[in-house]
Q: 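Let me give you the structure first, and then I'll get to my questions.
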Amino acid sequence: MLERAEIEAILDEVATVARPLCREGKVADYIPALAKVPSDRFGLCLHLADGQEFCVGDCDEPFSIQSVSKVFNLAIALEWIGEEIWKRVGREPSGTSFNSLILLEQEQGIPRNPFINPGAIVVVDALINRFPLYTQQLRNMMRTLSGNDQVVYDREVWRSEREHGDLNRAMAWLLKAKGNLVAPPDDTLDAYFRGCSLAMSCRALARAGRFLVQGSGDWPVIRNQDRRRRILSVMRLCGLYDAAGDFAYRVGLPAKSGVGGGILAIVPGVCSIAVWSPALDAKGNSLAGVKALELLVASQISSGHGLERR
Ligand code: DON
């Protein structure tokens with residue numbers, strides 16, 4: 001096992017190498033609220049299963065977790081609704097961008113997986129129909145999981161998503177036309193956009209991801225080991241949209257990214273890692289974030305703490 005100081009030195013090195021990639025990417029600009037986020041931010045938090053925590057950079061600055069919220073929606077849907085959710089959404093990689101309409105049309109309104117936008121919209125639809133207070137419950141769940149009462153929905157991001165969400169609106173109406181949306185599309189979208197607008201820091205997100213590291217029975221989301229393993233499988237195959245293959249090759253961890261520049265990655269049984277850097281590559285993933293994870297799995301921490309590809 002490495003000493004704390006050795007791990008800290010490695011994280012500093014990872015940050016030093018990865019952070020400059022901020023200059024090469026582009027901050028999400030599909031909504032004004034995200035376009036103004038400074039592109040030079042970089043934060044990383046590694047939370048080990050034994051509770052030790054290591055942070056570097058802007059790890060306490062809240063950012064918009066965007067599609068990382070889709071993991072939590074899926075976990076809650078599996079716990080509260082069960083396997084029946086898979087009648088409405090698949091679990092295959094899509095190979096297309098997260099907001100593509102094409103597959104949805106071709107595949108009769110059954111989205112390929114819960115991590116592309118139409119899949120997440122269906123999952124949220126199922127949740128709000130059974131649990132009318134779902135958005136409050138989700139926020140409370142994120143507070144509990146992260147041990148942080150400051151976790152909030154960012155109103156400005158939420159409004160911006162609603163005002164500029166025409167493509168998501170098109171997806172929701174197509175889902176409805178194909179018979180795979182129960183609530184009025186705007187109600188489902190409002191709840192979907194809320195999840196996207198959750199503002200959390202790397203530290204809070206890494207803590208919130210602990211329930212995926214190992215099933216201790218203490219976490220309110222998933223008590224079942226088998227379910228945890230299944231969620232991690234979907235993350236592995238579908239977590240980085242149409243870059244999932246490249247990410248698997250370079251990093252090899254189950255993960256979920258968001259266009260806010262955050263990535264939650266899990267080393268089963270070992271740790272939860274949250275990294276954030278808002279400048280994105282062409283597929284919508286954080287450039288410096290992916291690089292940092294790649295460096296981390298190749299580092300000495302890897303041999304000492306079992307972060308090797310698994
Ligand atoms: O709905 C959207 O397009 C964004 N609010 C979230 C997209 C994102 O993070 C990537 N999605 N899978």
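Side chains are part of it too, since the values below use all heavy atoms of this structure and drop only hydrogens, waters and symmetry mates. In listed order, ligands and their atoms are each counted from 1.
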Q: Examine the side chains of Glu294 and Tyr249 and answer whether a donor and an acceptor come within less than 3.5 Å of each other.
A: no
Q: Given Ser67, Gly119, Ala120, identify the one with the heavy atom nearest to atom 11 (N) of ligand 1.
A: Ser67
Q: Can you tell whether the side chains of Glu105 and Lys178 come within less than 4.0 Å, N to carboxylate O?
A: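 The answer is yes: the pair qualifies as a salt bridge.
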Q: Does atom CD of Gln52 have more than 12 heavy-atom neighbours, drawn from other residues, nucleotides or ligands, at distances under 6.0 Å?
A: yes
Q: Taking atom CH2 as the centre, does Trp86 end up with more than 12 heavy-atom neighbours from other residues, nucleotides or ligands that are less than 6.0 angstrom away?
A: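 Count over threshold, so yes.
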Q: What are the atoms of ligand 1, with element, lying closer than 4.0 Å to any heavy atom of Phe115?
A: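 Those atoms are 12 (N).
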Q: So is Phe193 close enough to ligand 1, meaning a heavy atom under 4.0 angstrom away?
A: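 Not so, Phe193 does not reach ligand 1.
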Q: Find all atoms of ligand 1 within a distance of less than 4.0 Å from any non-hydrogen atom belonging to Lys70, and give their numbers and elements.
A: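 Reading through ligand 1 atom by atom, the close ones are 11 (N), 12 (N).
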Q: Please identify which atoms of ligand 1 are closer than 4.0 Å to at least one heavy atom of Glu161.
A: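 Taking each heavy atom of Glu161 in turn, ligand 1 has 5 (N) under 4.0 Å.
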Q: Using a 3.5 Å cut-off on N or O atoms only, is Cys196 in polar contact with ligand 1?
A: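 It does not: no N or O of Cys196 is found under 3.5 Å from an N or O of ligand 1.
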Q: I'd like to check whether Asn168 has a polar contact with ligand 1, where a contact means an N/O of the residue lying under 3.5 Å from an N/O of the ligand.
A: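 There is such a contact, yes.
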Q: May I ask whether Ile116 has any heavy atom positioned less than 4.0 angstrom from an atom of ligand 1?
A: no
Q: What protein heavy atom lies closest to atom 5 (N) of ligand 1? Include the residue and the distance to one decimal.
A: Gln66 OE1, 2.5 Å
Q: What I want to check is whether the side chains of Tyr192 and Asn73 have a donor and an acceptor closer together than 3.5 Å.
A: no
Q: Under a 4.0 Å N-O cut-off, is there an ion pair linking Asp58 with Arg19?
A: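 Looking at Asp58 and Arg19, the cut-off is met.
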Q: Show which atoms of ligand 1 fall inside a sub-4.0 Å distance from at least one heavy-atom site of Gly258.
A: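 Near Gly258, meaning under 4.0 Å from one of its heavy atoms, ligand 1 has 9 (O).
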Q: Around atom 2 (C) of ligand 1, find the nearest protein heavy atom and jot down its residue, atom name and distance.
A: Asn117 ND2, 3.2 Å
Q: Would you tell me whether Arg228 and Gln225 have side-chain atoms, one donor and one acceptor, within less than 3.5 Å of each other?
A: yes
Q: Among Val290, Leu205, Ile263, Val56, which one satisfies side-chain contact (heavy atoms from CB on, under 4.5 Å) with Val275?
A: Ile263
Q: How far is atom 1 (O) of ligand 1 from its nearest protein heavy atom, and which residue and atom name does that atom have?
A: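 Looking only at protein heavy atoms, the one closest to atom 1 (O) of ligand 1 is Tyr192 OH, 2.6 Å.
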